[in-house]
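Notes for the one structure printed next.
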Amino acid sequence: MSWISRGLIALASIIMIGIYFKPLWEITLYAPQYKEGLKMIIWVNKITGGTPHDLRNINLLNHYVGMKKIDPNAIPELKILPVIFGFMIFLGFLTAATGNTKLLYAWAILIIIIGIASLADFWWWEYDYGHNLNPHAPIKIPGMAYQPPMFGCKNLLNFRACAFPSTGTYLLAVSGTLGVISAVIEFFRRRKTQ
Amino acid sequence: MKAKLKLTLFSAVAAGLVSVPSFAQSPAEKVYIPHGKYDEFYAFLSGGFDGQVNVYGLPSGRHLKTIPVFSAYPMNGYGYSEETKAMLMTSHGWIPWGDSHHPELSQTNGVPDGRWLFINENNTPRVARIDLKTFETTEILEIPFSGGNHASTFITPDSKYITAATRFSVPIPQKDVPIAEYKKYFKGTLTFIRADKPGKMDIAFQILVPGYDYDLAHCGKGPSYGWCFFTSYNTEQAHTLLEINASMKDKDYIAAVNWKRAEQCIAEGKYKEVKTKYAHNYRPPEGDRIARTEWKTSVKWIIPKECPGVMYYLPTPKSPHGVDVSPDGKYIIGGGKLATVIPIHSFEKMINAIKNKQFAGEVEGIPILKYEAVNHCEVPNPCLGPLHTEFDGKGRAYTSCFISSDVVIYDYKKCKVLDRVPTYYSVGHLMIPGGDSAKPWGKYLLPMNKITKDVFLPTGPELPHAAQLYDISGSKPQFLLDMTELGEPHYAQAIPASILMKKSLKIFELDKNTHPYATKSEEAAKVVRKGNEVHIYMTAIRSHFTPDNIEGVKVGDTVYFHVTNIEQDWDIPHGFAVLGANTSNLLIMPGETLTLKWTPKEPGVYPFYCTDFCSALHQEMQGYIRVSPKGANVPIKYGTGEEMHVVK
């Protein structure tokens with residue numbers, strides 16, 4: 001492996017460490033009486049509110065339409081994801097240290113799979129929350145689901161729900177791109193030398 | 001050519017003069033607050049005989065809030081809930097009413113700082129502290145040996161003390177004597193209350209003074225720091241038909257009290273410890289928030305004769321009402337309500353007069369200074385019935401004139417009348433934001449009137465009291481607004497909203513609620529019988545109570561609904577009321593626990609419900625409590641939803 005590729009994969013791993021310190025996604029609910037917005041912040045290992053009580057208040061409002069309570073302790077992804085990314089960081093450093101090209105290819109393929117899988121999982125999670133409603137909910141609107149958007153804004157009854165990726169996801173994107181570039185460089189270098 | 005130039009110049013100036021007034025804002029524009037914008041000032045007006053403080057926005061004049069202080073208030077259960085009823089305890093028992101007169105904002109370096117608002121109660125002498133984080137009354141201290149707490153609450157520039165002085169002299173200590181022997185038995189007290197320690201308000205000392213009526217006060221600042229001034233009338237010591245008998249003398253007194261000297265006398269042991277009994281009520285602003293009464297048993301008396309230098313009398317014409325100290329602390333203005341001039345005393349002259357012993361006499365060991373020696377000037381022909389003075393911080397004094405229904409504006413250093421504005425009618429106090437402090441925000445003037453005939457829509461024999469707002473930021477005062485008032489406001493204070501908004505509390509943290517009957521989750525809700533007391537640990541959240549079905553209560557039981565609002569969202573209080581409640585409803589803030597005591601008289605099933613429209617399903621926020629006859633064997637049973645808990 002060239003020193004450039006090793007450097008890039010090392011850098012990708014370093015950047016990836018950032019996702020333990022920065023949130024991945026933010027969903028904000030606006031309403032006339034919540035001008036300041038009720039915010040839900042998704043991290044790699046936890047879900048928090050924009051203020052200490054936002055999550056509680058989102059759950060409180062959601063119960064009117066029969067949505068499940070968002071309980072961070074009951075979401076398995078928040079326990080699995082930190083391990084997965086921990087492994088990827090370890091694998092990245094190992095690749096940089098050993099200069100093993102096969103490990104690099106594995107890293108690049110894995111990160112693509114993890115990225116797509118995470119987004120798909122997130123979408124399913126949102127789908128489930130928005131569709132899996134308590135049949136005894138006080139407010140029932142025929143045909144209405146409350147799946148928040150993944151990207152952008154959407155009106156849900158009196159709320160305007162806006163969701164956007166946050167710093168952690170951008171870090172992940174940069175990290176993944178660097179790793180993939182590293183793999184591509186190695187791939188072409190190999191073809192050249194053969 | 002030259003003439004043409006002149007004409008052009010003339011036309012330009014004329015056009016300018018004509019257009020200037022049209023650029024000025026109209027009164028309506030000046031008081032209009034567009035949607036979503038806030039008023040610039042919070043004004044706190046005493047409620048007089050309603051015992052409360054009413055908060056208005058300035059310049060809009062919009063009523064924002066009523067803060068119950070000395071009167072029970074059914075709107076939120078103040079004085080009725082188990083957590084607040086101790087606030088109204090006195091040595092005369094529980095009193096649900098008061099006569100609140102003079103609000104005073106706490107100060108730092110002579111400038112209102114927005115921590116607390118103090119206010120006196122005249123009828124059953126008391127003072128209160130209001131916490132401005134929540135606009136709630138957190139402390140009330142009773143004043144013993146006082147016949148009416150009128151010269152109160154006026155503050156020292158460091159908020160160390162607030163004053164209290166008896167309006168009516170009475171036998172001290174109280175005893176059964178013929179009223180005709182007033183001169184022999186009746187005395188007054190001037191009280192200094194330690195105010196800078198929340199929860200620990202205490203009487204530092206009382207000065208035993210001659211049996212006059214002590215009316216109002218203000219404390220010195222800057223060079224006069226360490227002194228407070230109290231007006232007195234009825235130095236004639238009349239006890240009947242005072243309107244004639246107390247208006248004889250040409251001059252009564254302003255009592256100048258050197259509280260630094262008083263502190264010295266206390267430190268040197270020159271005081272008398274006197275046994276008595278008075279209440280100190282305190283409601284912690286956080287934690288369990290349960291008000292308690294602590295009984296205090298003694299006060300320290302200073303006898304002026306035994307503490308020379310503690311007090312002097314400044315002769316002041318005629319039956320003075322208000323006494324006000326200029327922002328620079330150099331001048332003391334008396335409002336002689338029967339005087340034809342406004343006397344202005346000089347603090348510097350007063351100190352010199354004391355040094356040079358320019359005395360005109362003495363009463364009970366209190367030297368009377370020579371009027372000419374202390375008087376800076378008399379404002380000539382000001383108005384009729386001058387009462388109170390406020391300052392704009394730009395060298396102008398504003399005195400309200402009750403009889404002539406106007407406010408006179410004058411340069412207090414030069415003793416020259418500058419202007420006057422009418423009031424509608426019979427103005428008492430007046431207020432400029434920060435107008436009695438070292439740094440007034442001299443933008444608005446608010447005279448408060450006693451009579452409003454022909455100003456407002458008639459409402460039968462009683463019409464509202466009123467205030468008028470003037471813009472005094474320009475060279476000429478501009479009338480802006482008529483404001484109706486609640487009760488009979490006697491005085492007001494105002495402070496920029498920006499100072500208070502930063503301190504405002506949005507919710508009480510449920511985690512920090514240490515109320516012994518707090519219920520922090522629905523799972524923890526329960527009903528417990530203790531002899532013939534039934535304690536209901538209840539939660540309220542949008543849009544239900546837990547439990548909402550309760551059985552097993554019997555006639556003869558005392559039921560306590562301990563309701564915890566487990567919301568943690570701003571502006572989501574819940575109310576609680578039960579049929580036949582003979583106290584009040586509750587208004588419970590997010591994170592707070594309040595208790596309603598209920599004694600059912602007849603068997604039956606009684607509904608309870610949320611009284612504050614909280615959510616789309618507020619109307620469904622209700623429940624039932626079943627009351628069985630005395631001796632019935634219905635077990636305690638409670639729940640919300642399918643599962644009912646049975647207590648054997």
Side-chain angles (χ1 to χ4, degrees), chain A residues 26-41 46-74 129-130 133-146 148 155-162, chain B residues 34-38 286 501-502 504-513 518-525 539-546 548 564-574 588-592 609-610 612-623 639-643:
Chain A
E26 286 185 16
I27 301 176
T28 314
L29 302 172
Y30 300 97
Q33 69 273 36
Y34 288 103
K35 283 200 166 53
E36 68 282 9
L38 284 167
K39 194 173 271 188
M40 186 172 128
I41 304 168
K46 60 183 175 182
I47 294 177
T48 59
T51 75
H53 304 298
D54 273 11
L55 209 54
R56 179 192 178 92
N57 291 324
I58 290 170
N59 280 330
L60 191 50
L61 296 165
N62 285 353
H63 98 274
Y64 286 111
V65 291
M67 286 171 80
K68 266 196 299 185
K69 198 172 165 186
I70 298 167
D71 178 5
N73 295 321
Y129 268 94
L133 304 174
N134 183 345
H136 300 297
I139 299 173
K140 272 190 278 193
I141 295 169
M144 182 75 192
Y146 304 95
N155 288 337
L156 297 168
L157 300 188
N158 58 327
F159 280 96
R160 183 158 179 81
C162 294
Chain B
H35 175 75
K37 296 271 184 273
Y38 300 130
E286 46 195 29
M501 279 165 59
K502 285 185 289 217
S504 189
L505 193 74
K506 288 185 173 170
I507 56 165
F508 295 109
E509 291 290 338
L510 191 58
D511 288 345
K512 292 184 187 154
N513 178 339
T519 316
K520 297 191 185 182
S521 69
E522 297 191 342
E523 293 74 39
T539 61
I541 196 163
R542 280 164 285 178
S543 320
H544 59 273
F545 294 104
T546 305
D548 67 2
T564 304
N565 179 347
I566 58 173
E567 305 268 2
Q568 293 287 271
D569 200 355
W570 193 18
D571 199 20
I572 310 284
H574 288 292
I588 314 140
M589 298 304 131
E592 186 183 38
Y609 69 103
C610 173
D612 187 359
F613 214 114
C614 58
S615 63
L617 297 168
H618 159 76
Q619 230 33 22
E620 282 73 11
M621 192 163 173
Q622 63 179 49
T640 295
E642 289 94 75
E643 202 189 341

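Proteins get letters first, then strands, A, B, ... in listed order; numbering begins at 1 in each. Heavy-atom basis, side chains included; hydrogens, waters and symmetry copies ignored.
- Shown here are the disulfide bond (SG atoms under 2.5 Å apart) partners of C614(B), two or more places apart in sequence or in another chain: there are none.
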Atom pairs (donor, acceptor) spanning chain B and chain A, under 3.5 Å:
{"unit_1": "E509(B)", "atom_1": "OE1", "unit_2": "H53(A)", "atom_2": "NE2", "d": "2.9"}
{"unit_1": "E509(B)", "atom_1": "OE2", "unit_2": "H53(A)", "atom_2": "NE2", "d": "3.4"}
{"unit_1": "S543(B)", "atom_1": "OG", "unit_2": "Y64(A)", "atom_2": "OH", "d": "2.4"}
{"unit_1": "I566(B)", "atom_1": "O", "unit_2": "R56(A)", "atom_2": "NE", "d": "3.2"}
{"unit_1": "I566(B)", "atom_1": "O", "unit_2": "R56(A)", "atom_2": "NH2", "d": "2.1"}
{"unit_1": "Q568(B)", "atom_1": "O", "unit_2": "N57(A)", "atom_2": "ND2", "d": "3.2"}
{"unit_1": "Q568(B)", "atom_1": "OE1", "unit_2": "H53(A)", "atom_2": "NE2", "d": "3.4"}
{"unit_1": "D569(B)", "atom_1": "OD2", "unit_2": "Y34(A)", "atom_2": "OH", "d": "2.2"}
{"unit_1": "S615(B)", "atom_1": "OG", "unit_2": "Y64(A)", "atom_2": "OH", "d": "3.2"}

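- In this structure, chain B has a heavy atom under 4.5 Å from the side chain of L61(A), while its backbone stays farther away.
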